[in-house]
Amino acid sequence: MPSSVIRFFRYAPDRRELEVTFVSARVYVYEDVPADLAAAFKDARSKGTFFNQHIRDRYTCHEITRAGS
């Protein structure tokens, strides 16, 4: 289901990193995210709600927004 907050995300299981692109075009990488949590995020009916309840402010993150985005 499309999200009004999250445009795209991808998970790198080898690094346990979740990259989230928001509709604002800002991109963040969340570190040490368990694979089962990333899978639950993928399956969540509301990505924004799941993100706010289970990921935001719970995992170390850094912005990687590319110039010109």
Listed by chain and number, what are the side chain to side chain donor-acceptor pair (under 3.5 Å) partners of Glu31, not counting sequence neighbours? His62
Between Phe22 and Phe51, does the ring centre distance come in under 6.0 Å? yes
Show me the pairs that pass salt bridge (Lys or Arg N to Asp or Glu O under 4.0 Å) and involve residues 51-62, at least two apart or across chains. none
Output for pair (Cys61 SG, Tyr28 OH), nearest 0.5 Å, gives 7.0 Å
For residues 35-44, which side-chain donor-acceptor pairs fall under 3.5 Å, sequence neighbours excluded?
none

Are Asp32 and Arg16 close enough that some pair of their side-chain heavy atoms sits under 4.5 Å apart? yes
Sequence neighbours excluded, which residues qualify as side chain to side chain donor-acceptor pair (under 3.5 Å) partners of Arg7? none
Identified side-chain contact (heavy atoms from CB on, under 4.5 Å) partner of Thr21 from the options Thr65, Val27, Ile64: Val27
The criterion is side chain to side chain contact (heavy atoms under 4.5 Å, CB included); which residues satisfy it with Pro13, sequence neighbours excluded? Tyr11
Linking I/L/V/M/F/W/Y whenever their side-chain heavy atoms sit closer than 4.5 Å, directly or via other members, would Val5 and Ile55 fall into one cluster? yes
With sequence neighbours excluded, tell me which residues meet ring pair (Phe, Tyr, Trp, His ring centres under 6.0 Å) with Tyr59. none
Ignoring hydrogens, what is the shortest heavy-atom contact between Ile6 and Lys47? Give both atom names and the distance. CD1-O, 3.8 Å
